[in-house]
Undergrad: 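Pasting in a structure now, in structure tokens, and then I'll have a few things to ask.
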Amino acid sequence: MTTLTHRPDTLTRDALAVLQPGFHGTTAPDWLLRRIGEGLTSVGLFGRNIHTPAQLAALTAQLRAERDDILVAIDEEGGDVTRLEVREGSSFPGNYALGSVDDVELTRAVARELGSRLAACGVNLNWAPSADVNSDVNNPVIGVRSFGADPALVARHTAAYVEGLQSAGVAACTKHFPGHGDTAVDSHLALPRIDVGVDTLHARELAPFRSAITAGSKSVMSAHILLSALDPDRPATLSPRILTGLLREELGFGGLIVTDGIEMQAIASTYGIERGSVLAIAAGVDAICVGGGLADEGTVLRLRDALVDAVREGELPEERLADAAARVRALADWARRVRGASGPGAAVQEGTAPGAGTSAAGGPDIGLVAARRAVRVTGTVEPLQEAPYVASFAAVANIAVGDETPWGVAAELTALLPGTEAGTYGSGSGAAEVLAAAGERRIVAVVRDLHRHSWMAAVLDGIREARPDTAVVEMGVNHAEPAGSPHIATYGAAPVCGRAAAEVLTGRSV
């Protein structure tokens, strides 16, 4: 337990309470424990903080030794975006796969199982689900993170996901309000702009958030996007019209409002993280997410001091900061009470993978059940009898997904057909290179978002012209015309999706 030499004043404690910072390492650094003792109420975890389930459980226990109601948050969407299984790949397909199945009970069960695994490791706030309607098929950052392009479908699955996750004692954080789906710019890199009318926004973007609110979502994450019809001057994260006027007053949301990462360039490059944080709290935000890129004590102190100074200088009402801090503490209290009612959670054994074992229902793993149901096949499958050559075409991953998580079907095919060989190809590759590496082996070409990458389509055309029996596995947004013998769409690139595709290709189960 950290011993304080002095007690920070109420204003400083409130400023710390509204921060959700990250840190480096698989144990909590001394500076973080010290700030928890001074009022910090939330901590954000990323892939760099997680090695094994047992280690994660020990880390969260270390944090709770300082504050038993600490909010431990994570960005665990499942599918392509995983922190819990960042080095292995998720045991669950993501939203796009679940939306393609369109079974809300399955979505609810997947979210419940994912939440149970988080709760067992001591995590009690998940920055998920994504409620974005992926109306722009060229969206560079949402894509398979969305349940789909139909607002009604996205709305019903968002509600089911919220209900499933929170039934496991983990607070949902529905994102990215008021909707990041109709953007061609990644807000990690720049400020996206949506210029559709208010009627379209209400019918399309806002429908899933209404459902999430009705379902009782404990928190909502704001998007760093400019919606000219709602506020032509400020992005949603900094807009009183959008956060207080629309989300609070019009939609009636009474829970916690969290920012997307405040260090993302959509905010940082225009406003800076200090002023951005002040404007966000003033606009109606309750918690500032920071730590994906800036994960040090200096960042926490800069933001704390910026909020304190803004109050003392009259730029930020003290009552607004106090209200924000109170909402954070209220959610922390809910999470503590839920955890106390359900017990400390199942013990996690060292070396046990988060995805190991069976579902809560006792049948086959619910993630694999969902991945198998999501697969769509065009053409006739002649099961592979001999080890193939797997050519995976890799574009640069967006920051939300990252490039350290494995994906594809090569490992899964190797488990079924030992001797399978594989190669990964980028934008400078050509069909001749792939054909030479494959030799006489049958080719399995693995792509993600083929419709977004002309170089990928050109290479694939060259391969198929020379080898018409090439099987194609699309693991991204399934928008391009099916091409392959057969064409298999998995609606996500998690290893569990790869396993489902491998089973189709071979006619065998792993």
Undergrad: Less than 4.0 Å between a side-chain N and a carboxylate O, is that true for Glu474 and Arg376?
TA: no
Undergrad: Measure from the side-chain N and O atoms of Thr237 to the backbone N and O of Ala223, and report whether any donor-acceptor pair falls under 3.5 Å.
TA: yes
Undergrad: Only one of Ser211, Ser219, Ser217 passes side chain to side chain donor-acceptor pair (under 3.5 Å) with Thr174; say which it is.
TA: Ser217
Undergrad: So which heavy atom on Pro21 is nearest to which on Ser42, and how close?
TA: CD-O, 3.3 Å
Undergrad: Between Thr299 (side chain) and Ala295 (backbone), is there a donor-acceptor pair under 3.5 Å?
TA: no
Undergrad: Looking only at heavy atoms, which two atoms of Tyr96 and Val477 are closest? And how far apart?
TA: CE2-CA, 3.5 Å
Undergrad: Would you call the rings of Phe46 and Trp127 parallel, tilted or perpendicular if under 30° counts as parallel and over 60° as perpendicular?
TA: tilted
Undergrad: Report yes or no: does Arg320 contribute a side-chain atom to a donor-acceptor pair with the main-chain N or O of Val285 at less than 3.5 Å?
TA: yes
Undergrad: With rounding to the nearest 0.5 Å, note down the distance linking CD in Glu315 to CG in Leu279.
TA: 6.5 Å
Undergrad: Please round to the nearest 0.5 Å and tell me the distance separating atom OG of Ser100 and atom CG of Asn478.
TA: 9.0 Å
Undergrad: Does a side-chain heavy-atom distance below 4.5 Å link Leu71 with Asn124?
TA: yes
Undergrad: Is there a side-chain contact between Thr82 and Glu76 in this structure, where contact means two heavy atoms from C-beta onward sitting under 4.5 Å apart?
TA: yes
Undergrad: Do you know which two heavy atoms are closest between Ala391 and Val434, and how far apart they sit?
TA: CB-CG1, 3.7 Å
Undergrad: If I compare all heavy atoms of Ser228 with all of Arg193, which pair ends up nearest, and what's the gap?
TA: CB-NH2, 3.6 Å
Undergrad: Kindly indicate whether the side chain of Leu246, heavy atoms from C-beta on, has any atom under 4.5 Å from the side chain of Phe209.
TA: no
Undergrad: So how far is it from Glu163 CD to Leu165 CG, rounded to the nearest 0.5 Å?
TA: 11.0 Å
Undergrad: When you look at Leu384 and Leu413, which way does the side chain to side chain contact (heavy atoms under 4.5 Å, CB included) test go after all the steps?
TA: CA-CA 10 Å; Leu384 295 169; Leu413 277 174; 4.3 Å; yes
Undergrad: Do side-chain atoms of Asn134 reach the backbone of Gly143 as a donor and acceptor pair under 3.5 angstrom?
TA: yes
Undergrad: Go through it in stages, so that I can follow the logic: the residues are Asn138 and Arg452, the test is side chain to side chain contact (heavy atoms under 4.5 Å, CB included), and I'd like the CA-CA distance, side-chain angles, deciding distance and then a yes or no.
TA: CA-CA 6 Å; Asn138 292 313; Arg452 292 183 53 226; 3.6 Å; yes
Undergrad: Is there a side chain to side chain contact (heavy atoms under 4.5 Å, CB included) between Val196 and Arg204 once you walk through the steps?
TA: CA-CA 10 Å; Val196 300; Arg204 188 178 65 186; 3.8 Å; yes
Undergrad: Please, which pairs that meet side-chain hydrogen bond (donor to acceptor under 3.5 Å, both in side chains) have at least one residue in residues 240-257, sequence neighbours excluded?
TA: Arg248-Asp286
Undergrad: Report the C-alpha distance between Glu404 and Arg48 in whole Å, list the side-chain angles of each, state the deciding distance to 0.1 Å, and finish with yes or no for salt bridge (Lys or Arg N to Asp or Glu O under 4.0 Å).
TA: CA-CA 10 Å; Glu404 59 184 323; Arg48 62 176 179 256; over 6 Å; no
Undergrad: Return the CG to NE2 distance between Asn95 and His157, rounded to the nearest 0.5 Å.
TA: 9.5 Å
Undergrad: Hey, are the side chains of Ser239 and Leu230 touching, using non-hydrogen atoms and a 4.5 Å cut-off?
TA: no
Undergrad: Show your working on salt bridge (Lys or Arg N to Asp or Glu O under 4.0 Å) between Lys175 and Asp75 and close with a plain yes or no.
TA: CA-CA 11 Å; Lys175 62 187 184 185; Asp75 190 9; 2.9 Å; yes
Undergrad: With a 3.5 Å cut-off and no angle check, do the side chains of Asn139 and Thr183 form a donor-acceptor pair?
TA: yes
Undergrad: Going through the distances and angles, do Glu77 and Ser130 end up as a side chain to side chain donor-acceptor pair (under 3.5 Å)?
TA: CA-CA 8 Å; Glu77 299 177 15; Ser130 169; 5.6 Å; no
Undergrad: I need the minimum non-hydrogen distance between Val154 and Ser146, along with the two atoms involved.
TA: CG2-OG, 4.3 Å
Undergrad: His180 vs His176 aromatic rings, parallel, tilted or perpendicular, using cut-offs 30° and 60°?
TA: perpendicular
Undergrad: Could you tell me whether the side chain of Leu19 reaches within less than 4.5 Å of the side chain of Val290, counting heavy atoms only?
TA: no
Undergrad: About how many Å separate CD1 of Ile213 and CG of Leu247, when rounded to the nearest 0.5 Å?
TA: 5.5 Å
Undergrad: Give a yes or no answer on whether the side chain of Arg442 reaches the backbone of Asp469 with a donor-acceptor pair at less than 3.5 Å.
TA: yes
Undergrad: May I ask you to decide if Ile366's main-chain N or O and Glu113's side chain share a donor-acceptor pair within less than 3.5 Å?
TA: no
Undergrad: Please confirm whether the backbone N or O of Ala73 pairs with a side-chain atom of Gln20, one donor and one acceptor, at under 3.5 Å?
TA: no
Undergrad: So Thr506 and Glu412, do their side chains get closer than 4.5 Å, heavy atoms only?
TA: no
Undergrad: List the atom of Leu191, the atom of Leu226, and the distance in Å for their closest heavy-atom pair.
TA: CD1-N, 4.1 Å
Undergrad: Sequence neighbours left out, cut at 3.5 Å: what donor-acceptor pairs do the side chains of residues 254-264 make with other protein atoms?
TA:
unit_1	atom_1	unit_2	atom_2	d
Thr259	OG1	Cys289	N	3.0
Glu263	OE2	Gly291	N	2.9
Glu263	OE2	Gly292	N	2.9
Glu263	OE2	Gly293	N	2.8
Glu263	OE2	Leu294	N	3.3

Undergrad: Is it the case that the side chain of Arg448 and the backbone of Gly408 share a donor-acceptor pair, with hydrogens and angles ignored and the cut-off at 3.5 Å?
TA: no
Undergrad: Give a yes or no on whether the backbone of Thr270 and the side-chain of Arg275 come within a donor-acceptor separation of less than 3.5 Å.
TA: no
Undergrad: Kindly compute the distance separating CG (Asp296) from NE2 (His24), expressed to the nearest 0.5 Å.
TA: 7.0 Å
Undergrad: Quick check: do Phe92 and Arg117 have side-chain heavy atoms less than 4.5 Å from each other?
TA: yes
Undergrad: Checking Trp407 against Asp80 for the side chain to side chain contact (heavy atoms under 4.5 Å, CB included) test, could you report, in this order, the C-alpha distance in whole Å, the side-chain angles of both residues, the deciding distance, and whether it holds?
TA: CA-CA 8 Å; Trp407 66 281; Asp80 289 24; over 6 Å; no
Undergrad: Within a strict 4.5 Å, meaning less than it, do heavy atoms of the Asp449 and His451 side chains meet?
TA: yes
